[in-house]
Q: 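I'd like to ask some things about the structure below.
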There are 2 protein chains.
Amino acid sequence: MNNNENYDIFLGRFKEVLRRNSLKYTKQREIILQTIYNSTEHFTPESLYGEIAQNVSESKIGIATIYRTLSLLEKENMVTSISFGANGKKYEAGTKDHHDHMICDSCGKIIEFCDEVIEELQEKVALKHQFKIIDHVMQIHGICKECQD
Amino acid sequence: MNNNENYDIFLGRFKEVLRRNSLKYTKQREIILQTIYNSTEHFTPESLYGEIAQNVSESKIGIATIYRTLSLLEKENMVTSISFGANGKKYEAGTKDHHDHMICDSCGKIIEFCDEVIEELQEKVALKHQFKIIDHVMQIHGICKECQD
DNA sequence: CTGTGTGCAAACATTTTGCAAGCAG
DNA sequence: CTGCTTGCAAAATGTTTGCACACAG
């Protein structure tokens, strides 16, 4: 396992971001970063807040700090967010390679996938409209294998 | 122009929805449906509310009614909604053929497009995971031609 | 008539902000 | 020391709900 090594890289990027913006490396930001890094699931500000409150007895972090830190991380592309129909917005750590999501409307499960050809076609479409891609979102909604019973 | 004819079809679908759910055809629902149908832009509940207040002097429609009607229409697939990074959610009338969106992060403009091949590839990916597609969302974020100055 | 729909205001949920005190650099 | 950060509570947004009256079927 090279998880710790990966975390160091993630942490390094974060410190670089802080340096570049004259921001400070605080205990709170460290805890948030760690918790995000260790999250296997997609999370909301609220769920992150709850998880930290539960697992990290040493420190209280206000919900406002969670929001402020997530904004920073999103702006710096260290986390990405995906929006759902009605139920709001979930985040995930930007540690993985690019991928898209299949979302089960029945159980809420998220399946990640990546298709090179689709990616290329998107670029082709954008080019045709002289549109400069920054990012893209693709979600397939439906019913997962397990829920099709 | 066959706009009126198309509106009649749209209205017909709506009346059918009402009938099926034992709901009633009211002045408010009529006005909302018309306004949605005539909207060229994507809209929010708030913007719809404002537009109706401005254009339709005869009648006051409460914001709650807008929300209630939009929920109904979305449930019945007569409007679709797309979610944006942070700024919430916009709707569009479900009168057009399927298409996806390119969204300019600078000016907010929305360009619609449709690529058959991408659609097919999505189905192929879903099939591989035995995932049953209900719907899908694809957004390309970036900077439009005009804003690239 | 009956039961659904509506506007209004209050209730909620979520996210942002002002402020005084705390702490990193 | 200086100025970015934080927690808290208040404020701002966005959306939903309860209720009494209105109205479609």
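Lettering of chains follows the sequences in order, A, B, ..., and the numbering in each one begins at 1.
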Q: Please tell me whether Glu74(A) and Ser81(A) have a donor and an acceptor in their side chains that are separated by less than 3.5 angstrom.
A: yes

Q: In whole Å, what is the span from the CG atom of Leu70(B) to the P atom of dG5(C)?
A: 15 Å

Q: Separation of Tyr25(B) atom OH from dG25(D) atom P, in whole Å?
A: 10 Å

Q: Are a donor atom and an acceptor atom from the side chains of Thr35(B) and Glu51(B) found within less than 3.5 Å of each other?
A: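 Not at all, the side chains of Thr35(B) and Glu51(B) share no donor-acceptor pair under 3.5 Å.
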
Q: Lys90(B) NZ to dG14(D) P: how many Å, rounded?
A: 13 Å

Q: Just checking Lys60(A): base, sugar-phosphate only, or nothing, at a heavy-atom cut-off of under 4.0 Å?
A: sugar-phosphate

Q: Distance check needed: dA24(C) C1' versus Phe14(A) CZ, whole Å only.
A: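 So the two atoms are 13 Å apart, to the nearest Å.
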
Q: Given atom OH of Tyr49(B) and atom P of dT6(C), what is their separation to the nearest angstrom?
A: 14 Å

Q: Using a distance-only test with no angle check, is there a side-chain donor-acceptor pair under 3.5 angstrom linking His101(B) and Gln139(B)?
A: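 No pair is found: no donor N or O on one side chain lies under 3.5 Å from an acceptor on the other.
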
Q: Rounding to a whole Å, what distance do you find between Asn21(B):CG and dA24(D):C1'?
A: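 Nearest whole value for this atom pair: 16 Å.
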
Q: For Ile61(B) and for Lys24(B), locate the closest nucleotide of DNA chain C by heavy-atom distance; then report the residue assigned to the nucleotide nearer the 5' terminus.
A: Lys24(B)

Q: Go through dT6(C), dT6(D), dT17(C) for me and flag the one nearest to the Ala64(A) side chain.
A: dT17(C)

Q: Return the value, rounded to whole Å, for the distance between atom CD of Glu46(A) and atom P of dT16(C).
A: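 After rounding, the gap between these two atoms is 13 Å.
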
Q: Find the distance Ile66(A):CD1 to dT16(C):P and express it as a whole number of Å.
A: 13 Å

Q: I want to verify a distance call: between dT15(D), dT6(D), dG7(C), whose nearest atom is closest to the Tyr67(B) side chain?
A: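 Ranking dT15(D), dT6(D), dG7(C) by closest atom to the Tyr67(B) side chain puts dT15(D) first.
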
Q: Indicate, with a heavy-atom threshold strictly under 4.0 Å, whether Ser22(B) touches base, sugar-phosphate, or nothing.
A: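 Touches sugar-phosphate only.
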
Q: Give me the atom names and distance for the closest heavy-atom approach of Tyr7(B) to Gln34(B).
A: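 Nearest heavy atoms, Tyr7(B) then Gln34(B): OH-CG, 2.9 Å.
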
Q: In terms of side-chain geometry, is the basic nitrogen of Glu16(B) or Arg13(B) positioned less than 4.0 Å from the acidic oxygen of its partner?
A: no

Q: Spell out yes or no: do the side chain of Arg19(B) and the base of dG25(D) have one donor N/O and one acceptor N/O closer than 3.5 Å?
A: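 No, no donor-acceptor pair under 3.5 Å.
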
Q: Under 4.0 Å, counting only non-hydrogen atoms across every strand here, what does Arg29(B) touch: a base, just sugar-phosphate, or nothing?
A: sugar-phosphate

Q: Given dT5(D), dG7(C), dG3(C), which nucleotide is nearest the side-chain atoms of Gln28(B)?
A: dG7(C)

Q: For Ile63(B), answer base if it contacts any base atom (sugar-phosphate contacts may also be present), sugar-phosphate if it contacts only those atoms, and nothing otherwise; contact means non-hydrogen atoms under 4.0 Å.
A: nothing

